[in-house]
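Input: a single structure, listed below in structure tokens.
Bear in mind the structure is a predicted one, so any value in this text is a computation, not a measurement.
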Amino acid sequence: MIEILKSQLGLNITTDINEFDKVDCTIYSESTADGYDVYVVTNDSKSPHICEDVYYYDHDIADRFADQIKWGDTSFYIDDDIYEDCYIEDKLVEMFTESVEDIVKGDVITEEERKFLIEEYGLEEKDVNLENK
């Protein structure tokens, strides 16, 4: 599901630190001067906006990641720990479920996958307009 969604949306998600400055959005953690962990979701890794890009709690990071996709970002660096701890894969599966009709209509899946998704999600063929496929 995740790979299909990534293909459908043209997403590139990496945990390779060498890609830190080469993506649309960077998601990572930092420590404050007094030892607290904060989480950063930014489009400007060289100069994040403290008021807009920094989060004290990690429970909203997956939602911010989804927002960045909605706003047009397609390439992401996500710190390994954040990818796991903030349930990024769960968010991608949720996004897949929300987008399944568009995915079935798209060209990124095979006919076998299309039939499986129609059956699995109880879609009506008339709802996904497969006559043109």
By side chain to side chain contact (heavy atoms under 4.5 Å, CB included) - contacts of [X] (at least two apart):
| X | value |
| --- | --- |
| Lys46 | Asp21, Asp44 |
| Phe116 | Glu120 |
| Glu113 | Ile4, Ile109, Thr110 |

(request) Kindly state each residue pair satisfying salt bridge (charged side-chain N to carboxylate O under 4.0 Å, His left out) with at least one member in residues 30-39, sequence neighbours excluded. (result)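 Of all non-adjacent pairs touching residues 30-39, none passes salt bridge (charged side-chain N to carboxylate O under 4.0 Å, His left out).
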(message) By the salt bridge (charged side-chain N to carboxylate O under 4.0 Å, His left out) test, which pairs, at least two apart or in different chains, include something from residues 7-16?
(response) none
(request) Would you confirm whether Thr26, through its side chain, and Phe20, through its main-chain N or O, come within 3.5 Å as a donor-acceptor pair? (result)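 Between the backbone of Phe20 and the side chain of Thr26 there is a qualifying donor-acceptor contact (under 3.5 Å).
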(request) Could you tell me whether the side chain of Arg114 and the main chain of Asp107 form a donor-acceptor pair under 3.5 Å? (result) no
State yes or no: do [X] and [Y] share one hydrophobic cluster built from I, L, V, M, F, W and Y residues joined by side-chain heavy-atom distances below 4.5 Å, directly or via other members?
| X | Y | value |
| --- | --- | --- |
| Val38 | Ile27 | no |
| Tyr28 | Leu11 | no |
| Leu117 | Ile2 | yes |

Who are the ring-ring contact (aromatic ring centres under 6.0 Å, His included) partners of [X], not counting sequence neighbours?
| X | value |
| --- | --- |
| Tyr56 | none |
| Tyr39 | none |
| His59 | Tyr57 |
| Tyr55 | none |

Output the distance between atom [atom1] ([X]) and atom [atom2] ([Y]), rounded to the nearest 0.5 Å.
| X | Y | atom1 | atom2 | value |
| --- | --- | --- | --- | --- |
| Met95 | Lys70 | CE | NZ | 7.0 Å |
| Gln8 | Phe96 | CD | CZ | 9.5 Å |
| Phe65 | Ile13 | CZ | CD1 | 3.5 Å |
| Asp80 | Thr14 | CG | OG1 | 9.0 Å |
| Asn43 | Asp53 | CG | CG | 7.0 Å |
| Ile69 | Leu5 | CD1 | CG | 7.0 Å |

Donor-acceptor list for residues 85-92 side chains, cut-off 3.5 Å, not counting sequence neighbours:
| from | atom 1 | to | atom 2 | distance (Å) |
| --- | --- | --- | --- | --- |
| Glu89 | OE2 | Tyr83 | OH | 3.4 |
| Lys91 | NZ | Asp63 | OD1 | 2.6 |
| Lys91 | NZ | Glu94 | OE2 | 3.2 |

(message) Looking at every heavy atom in both Val40 and Pro48, which two are closest together, and how far apart are they?
(response) CG1-CB, 4.0 Å
(message) Quick check: closest heavy atoms across Asp79 and Asp81, and the distance to 0.1 Å?
(response)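 The answer is OD2-N, 3.1 Å.
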(request) Would you please name every residue forming a side chain to side chain donor-acceptor pair (under 3.5 Å) with Glu98, sequence neighbours left out? (result)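 By the side chain to side chain donor-acceptor pair (under 3.5 Å) rule, Glu98 matches no residue at all.
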(message) Using side-chain heavy atoms (C-beta onward) and a distance below 4.5 Å, is Phe76 in contact with Thr74?
(response)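 Side chain of Phe76 against side chain of Thr74, heavy atoms only: no contact under 4.5 Å found.
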(message) I'd like to check Leu123 versus Glu101 (side-chain heavy atoms, cut-off strictly below 4.5 Å). Are they in contact?
(response)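 A side-chain contact exists here, since the closest heavy-atom pair is under 4.5 Å.
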(message) According to salt bridge (charged side-chain N to carboxylate O under 4.0 Å, His left out), who are the partners of Asp67, at least two apart in sequence or on a separate chain?
(response)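 In terms of salt bridge (charged side-chain N to carboxylate O under 4.0 Å, His left out), with neighbours along the sequence ignored, Asp67 is linked to Arg64.
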(message) My understanding is that only one of Asp24, Asn12, Ile17 makes a side chain to side chain contact (heavy atoms under 4.5 Å, CB included) with Tyr77; could you say which?
(response)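 Going through the options one by one, the only one that passes is Ile17.
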